[in-house]
Amino acid sequence: MAPEDAEPDMEMSNDDEDYKNAYPPLTNQGNQAPSNSQSSQQAPSNKAPLKKSYIPPIIIDKPTNTKELLKKFNELSDDKVEARMISADRLKVFPPNAASHREIQKNLKANNIKSHTFELDDQKQLKVVIRGLPADHPIEDILDALKCYQLKPINCHLLKHRGNYMRNPLFLVTLPKTNDSKDIFSLTKLGYKCVFLLNR
């Protein structure tokens, strides 16, 4: 039994319902969490723009027919190849990408056209000199020993330096220029031989 001073439940009239329909309650927009779409639009992008790899130009000395050369280079490339004369007898060619750079270089070499350029990033090599091995030490044994250390040598040969290189032999090892290849400098032995390694 409800106490006497308690107010009876009030019924909602049609007028009250019409008022609520016409004026819906306001939400607390100040504390409202932004939606996923809004937060994604407002959040700053942390992705840095991709850095375009540098493609070095190719300098051709004393080109005989620049128009024909440029036409051939464009046939070898999937993008436009540009070039300009930088002196009376030197043509500077700008390959659009690494693949075009390689194809142009191959074509120049095949046609015995004198040119020069810089190495591409994926062609750069690390050159290391090994000292402490006898001059008749087999090259294959050096390469196999380096591979045992998870290194990837490209080639190795005996350096014919000034003086008696047979008495003080030096071996030049070429590796890809990567962080893993730098582990070669921590080696102190190659097989059973103590060696010294120098960066060339």
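If you're wondering where the values come from, they're calculated on a predicted model, not measured in any experiment.
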*Kindly work out whether a path of hydrophobic side-chain contacts (I/L/V/M/F/W/Y, heavy atoms less than 4.5 Å apart) joins I113 to I59.*
no
*Let me see the working for I130 and I142 under side chain to side chain contact (heavy atoms under 4.5 Å, CB included), right down to the final yes or no.*
CA-CA 10 Å; I130 300 178; I142 297 175; 4.2 Å; yes
*Heavy atoms, side chains only, cut-off 4.5 Å: are V195 and K189 in contact?*
no
*May I ask whether I154 and L175 are part of the same hydrophobic cluster, defined by side-chain heavy atoms of I, L, V, M, F, W, Y residues being less than 4.5 angstrom apart, directly or through others?*
no
*Quick one: do the S100 and N97 side chains pair a donor with an acceptor below 3.5 Å?*
yes
*What pair of heavy atoms forms the shortest contact from P57 to P95, and how long is it?*
CA-CD, 4.3 Å
*Is Q105 close to I58 at the side-chain level, that is, under 4.5 Å between some pair of heavy atoms?*
yes
*Is F171 close to L159 at the side-chain level, that is, under 4.5 Å between some pair of heavy atoms?*
no
*Side-chain heavy-atom pair L170, L158 within 4.5 angstrom cut-off*: no
*Could you state the interatomic distance from NZ (K114) to NZ (K109), rounded to the nearest 0.5 Å?*
16.0 Å
*Given side chain to side chain contact (heavy atoms under 4.5 Å, CB included), test L146 with L187 step by step and report yes or no.*
CA-CA 9 Å; L146 292 173; L187 300 181; 3.9 Å; yes
*Quick one: closest heavy-atom pair of C156 and I139, and the distance?*
O-CG2, 3.4 Å
*Supply the atom-to-atom distance K71 NZ to E68 CD, rounded to the nearest 0.5 angstrom.*
5.5 Å
*First locate atom CG of L91, then atom OG of S115, and finally report the distance between them rounded to the nearest 0.5 Å.*
10.5 Å
*Dump the intermediate steps for side chain to side chain contact (heavy atoms under 4.5 Å, CB included) on K72 and I104, then the final yes or no.*
CA-CA 9 Å; K72 182 63 179 178; I104 293 172; over 6 Å; no
*Considering all heavy atoms of both residues, which atom of P176 and which atom of K152 are nearest to each other, and what is their separation?*
CD-O, 3.1 Å
*Out of curiosity, L69 CG to N74 CG, how far, rounded to the nearest 0.5 Å?*
11.5 Å
*Can you name the nearest heavy-atom pair linking P96 to S77, along with the distance?*
CG-OG, 3.5 Å
*Where do N111 and N107 come nearest, in terms of heavy atoms and distance?*
ND2-O, 2.7 Å
*Any side-chain heavy-atom pair from D141 and L143 closer than 4.5 angstrom?*
no
*Say you draw a straight line from CD1 of I184 to CD of Q150; how long is it, rounded to the nearest 0.5 Å?*
13.5 Å
*Please determine, by modelled atom types, if H157 and T174 share a side-chain donor-acceptor pair under 3.5 angstrom.*
no
*asked:* Ignoring hydrogens, what is the shortest heavy-atom contact between A98 and I55? Give both atom names and the distance.
replied: N-CD1, 3.5 Å
*asked:* Nearest 0.5 Å, please: how far is CD in E103 from CG in D78?
replied: 10.0 Å
_If you apply the rule side chain to side chain contact (heavy atoms under 4.5 Å, CB included), what do you find for L151 with D180, and how did you get there?_
CA-CA 7 Å; L151 296 169; D180 292 339; 5.8 Å; no
All N/O donor-acceptor pairs, side-chain side in residues 80-90, below 3.5 Å, sequence neighbours left out:
residue: S87; atom: OG; partner: D89; partner atom: OD1; Å: 3.3
residue: S87; atom: OG; partner: R90; partner atom: N; Å: 3.4

